[in-house]
Amino acid sequence: MQAAETANMDISDMVAMDELVALCKRRGFIFPASEIYGGINGFWDFGPLGVLLKNNLRDRWWNDMVVCPPIGPDGAPLQIVGVDTAIIQNPKVWEASGHVAGFNDPMVDCKETKQRFRADHLKVYFPDELIPSTHQPLNPLIEHVENLFSKEEFLLSAQSLEELLDVHKRIIKKNNWTFKDGCWTQMVSQLTPEQLKKVWAPGASKSGTLTEPKQFNLMFKTYVGATATEDDKAYLRPETAQGIFLNYKNVVDNMRVKVPFGIAQIGKAFRNEVTPRNFIYRSREFEQMEMEWFCHADEAKKWLEFWKEQRLNWWKAVGVESDNLIFRQHDQDELSHYAKEGYGTVDIEYRFPFTAPGYGELEGIAHRCDFDLTAHQTHSKTKLEYFDDSVQPPRRFMPHVIEPASGLTRGVLVLLAEAYTADPSRPSKMYMKFKPSMAPVKAAVLPLVNKDGLPEIAQKLYYEMRAQFATEYDTKGNIGKRYARHDEIGTPFCVTIDTDTPNDQAATIRFRDTMAQERVALDKISEFVRKSLKE
RNA sequence: GCGGGUGUAGCUCAGUGGUAGAGCGUCAGCUUCCCAAGCUGAAUGUCGCGGGUUCAAAUCCCGUCGCCCGCUCCA
């Protein structure tokens, strides 16, 4: 998240997270996982309405990616196929992909300042006065810099300038120091425990306040086979993308696809987040919607631009206000291990209630280069290059990959936050302004009173509608209560059967957003709702 | 992991040593001709858990766990 450009929208209009969380529980969208046992941090269950909402978003993505992919820049439909791969794969997959190494973040804590650092981000350096003049100019850098050895200690081991230089060189060599940003630096993660004790942490009053690096492995470990020995170790996938790369060859060999083409997948992924936070925003079990677009390296940039626009428009199409969405280019030093060499990663960020007025990541569109396919080719010793005979002369190359990867779980949170609309004038004080196509319940059929032949008419209509889209039938309480409940769950249309209905064969449709009513013939109501779902 | 906050009914919360409460919601019934109306009735809690002090603990003390917020990480 970051301080973004000023917003047009009044932030005070934004729903408070605790209100949203309370609504989600009260109305059956999202519950804390294993709540009756006290819950479990970082896991959430989708309730009856939540799963409807999630499936609507998921199905829309699948439809727009796989069933009916976008039209490409040349006017022809893109070619994208789907897969659904295993959550557990051969553990070598995650070594090849870089996740065993890259998802293993060593962290150190400062006992004095209570700050936590990534040991591989925290640098140690020689202070200016200890650096021989041959290495000048040397400016202190970066925020997180402190000296490794005390001045006295260093001078003790060096009798002359010659010797000083020599000791210096030996230390540099022995410790894998690098010369960067005008200074000799080394990552804290590479220090021995003895060296670590001499490090002066940022903001601390003395040296030696850092704890030894603790491994934070973000991958869930499990065991395949009932004996569960270390040899049976396996991982739950931290991203669905690798399942796609693993099947790239199968798809190319069997599915008559030609580069450029895409493979899409929706599925659960698991990460032992250091700190799960913000409701379902960062949970340890979550669902991804990922598409890997395979293309020639020369065209990667073009496709990155294409997918950026496509994806932003898609989020708008499912009902997200453009004011709440921005692009954010990743800085070079925050790029993932797979995106270093390419055109980088662009995030689509949303102004979540807990990030406002800043934004939080919703979807990443990354240029993964040929990192994954090359890695798997090397590790698996299987040739993964693509042979292209559609050009003259024919060529052989490793496709590059553009990856629009979004969080379905995060998408649900976006739809919820986006839909929550305060309205003090109505009994419920708020309503959920879902786009009709995303709303968990599309319509409710409500007999104004539960007698005088009204239920019979209403039920007939209900049976007709429920066969086409999610419809509820409700006779409970007075009509105001029923409208209020449907405002809270975001039902866009309430169809009310009144005492005129037996005579005129029509009923009123009550619109959620305006509370206005319109009388429509009974036999036109289904069609009316169906049409609105296509918008 | 560290720091701060918090834990009482499905939800929001009151209750600071003396028989566990309110509003809303839920359920049953009456009523009800368009926005949580009205009436009657009902269910729901070992007050997060464990220990201690006390004649007596939701309340005081100690411990522990969950959740929320901040820091590091991510879709």
Side-chain angles (χ1 to χ4, degrees), chain A residues 17-19 21-28 31-32 34-35 37-42 102-122 144 211 214 216-218 238-241 268-284 286-290 334 336 345 347-350 354 360-366 403-411 413-414 425-429 446-452 454 476-488 494 496-501 507-508 510 512 515-517:
Chain A
M17 273 316 276
D18 49 359
E19 279 177 49
V21 174
L23 176 85
C24 281
K25 182 169 182 193
R26 183 156 45 90
R27 286 305 178 194
F31 305 124
S34 36
E35 193 186 14
Y37 287 98
I40 176 166
N41 199 4
F103 254 49
N104 226 334
D105 297 334
M107 311 285 259
V108 292
D109 293 318
C110 175
K111 284 179 272 195
E112 182 181 326
T113 65
K114 307 300 181 194
Q115 280 186 286
R116 167 174 289 177
F117 306 97
R118 269 186 68 163
D120 55 349
H121 282 180
L122 191 62
H144 297 153
T211 62
K214 241 170 283 179
F216 280 70
N217 196 326
L218 298 188
E239 63 172 18
T240 57
K268 287 279 179 88
F270 304 82
R271 292 181 192 177
N272 252 323
E273 297 293 347
V274 178
T275 313
R277 271 301 146 79
N278 292 324
F279 199 29
I280 58 173
Y281 179 75
R282 189 189 300 151
S283 46
R284 289 183 165 141
F286 60 102
E287 208 159 348
Q288 290 185 309
M289 309 186 288
E290 298 197 292
E334 64 176 315
S336 316
T345 298
D347 285 342
I348 297 176
E349 298 197 328
Y350 177 75
F354 48 83
E361 185 173 356
L362 168 63
E363 170 158 350
I365 301 153
E403 175 200 72
S406 52
L408 172 56
T409 323
R410 279 188 185 175
L413 181 56
V414 167
S425 74
R426 57 178 82 197
S428 53
K429 308 294 180 212
L446 315 171
L448 191 54
V449 293
N450 198 18
K451 60 181 183 185
D452 300 336
L454 267 44
K476 185 105 196 89
N478 64 64
I479 194 69
K481 285 193 175 194
R482 284 177 276 169
Y483 285 156
R485 178 174 168 271
H486 282 287
D487 277 348
E488 281 198 335
C494 287
T496 303
I497 311 299
D498 57 34
T499 43
D500 290 337
T501 304
T508 56
R510 181 262 194 190
R512 175 196 63 199
M515 297 193 285
Q517 296 182 7

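Computed from a predicted model, the values in this text were never measured in an experiment. Sequence lines set the chain letters: A, B, ... in the order given, protein chains first and strands last, and positions in each chain run from 1.
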Test item: Q517(A) side-chain N/O and T508(A) main-chain N/O as donor-acceptor pair under 3.5 Å: no
Does D347(A) reach the main-chain N or O of E349(A) with its side chain, forming a donor-acceptor pair under 3.5 Å? no
Return the pairing partner of [N] with a 3.5 Å limit on both distances, Watson-Crick or G-U wobble; otherwise return none.
N      : result
A58(B) : none
G17(B) : none
U40(B) : A28(B)
C49(B) : G63(B)
U72(B) : none
A22(B) : U12(B)

Of A507(A) and G42(A), whose nearest nucleotide on RNA chain B comes first from the 5' end? A507(A)
Tell me whether the OP1 or OP2 atom of U32(B) has a side-chain N or O from K451(A) closer than 4.0 Å. yes
Is any side-chain nitrogen or oxygen of K481(A) closer than 4.0 Å to OP1 or OP2 of C35(B)? no
With respect to the side chain of [X], which nucleotide from [options] is positioned closest?
X       : options                : value
Y483(A) : A75(B), C35(B), C11(B) : C35(B)
R410(A) : A75(B), G25(B), U32(B) : A75(B)
Q517(A) : C34(B), A75(B), G10(B) : C34(B)
N478(A) : C11(B), A37(B), C33(B) : A37(B)
A22(A)  : U12(B), C34(B), A36(B) : U12(B)
V449(A) : C34(B), A75(B), C33(B) : C33(B)
T499(A) : C34(B), C33(B), A75(B) : C33(B)
N278(A) : C35(B), C34(B), C69(B) : C69(B)

Atom [atom1] of [X] to atom [atom2] of [N]: distance rounded to whole Å?
X       : N      : atom1 : atom2 : answer
F354(A) : C68(B) : CZ    : C1'   : 13 Å
K429(A) : C35(B) : NZ    : P     : 15 Å
K25(A)  : C68(B) : NZ    : P     : 12 Å
L413(A) : A75(B) : CG    : C1'   : 12 Å
D452(A) : U31(B) : CG    : C1'   : 13 Å
E290(A) : A75(B) : CD    : P     : 9 Å
E19(A)  : C13(B) : CD    : C1'   : 15 Å
E488(A) : C35(B) : CD    : P     : 18 Å

Taking only residues two or more places apart in sequence or in another chain, which ones pass ring-ring contact (aromatic ring centres under 6.0 Å, His included) with Y281(A)? F352(A), F354(A)
When all nucleic acid strands are considered with a 4.0 Å heavy-atom cut-off, which category describes [X]: base, sugar-phosphate, or nothing?
X       : answer
N450(A) : base
T501(A) : nothing
L454(A) : nothing
R27(A)  : base
R510(A) : base
T409(A) : nothing

Given the [atom1] atoms of [N] and [M], what is the spacing between them in whole Å?
N      : M      : atom1 : answer
U54(B) : C68(B) : C1'   : 34 Å
U64(B) : A22(B) : C1'   : 32 Å
G25(B) : A36(B) : C1'   : 10 Å
U59(B) : A75(B) : C1'   : 45 Å
U44(B) : U8(B)  : C1'   : 14 Å
A20(B) : C34(B) : C1'   : 41 Å
G1(B)  : A37(B) : P     : 48 Å
U53(B) : U46(B) : P     : 25 Å

Quick check on side chain to side chain contact (heavy atoms under 4.5 Å, CB included): which of M289(A), Q288(A), K268(A) does L408(A) satisfy it with? M289(A)
So do [Y] and [X] actually touch side chain to side chain, heavy atoms under 4.5 Å?
X       : Y       : answer
L454(A) : V449(A) : yes
R482(A) : P447(A) : yes
T499(A) : L448(A) : no
H486(A) : R510(A) : no

Non-hydrogen atoms of T409(A) and S283(A) that approach each other most closely: CG2-OG, 4.5 Å
Can you give me the closest heavy-atom contact between D487(A) and S428(A), atom names plus distance? CB-OG, 3.7 Å
Cation over ring, R410(A) on Y350(A), under 6.0 Å and within 45°? no
Looking only at N and O atoms, is any donor in the side chain of D498(A) or the base of C33(B) less than 3.5 Å from an acceptor on the other one? no
Between protein and nucleic acid, restricted to nucleotides 27-30 of chain B and to nitrogen or oxygen atoms under 3.5 Å apart, what atom pairs and distances do you find?
from   : atom 1 : to      : atom 2 : distance (Å)
A28(B) : OP2    : K476(A) : NZ     : 3.4

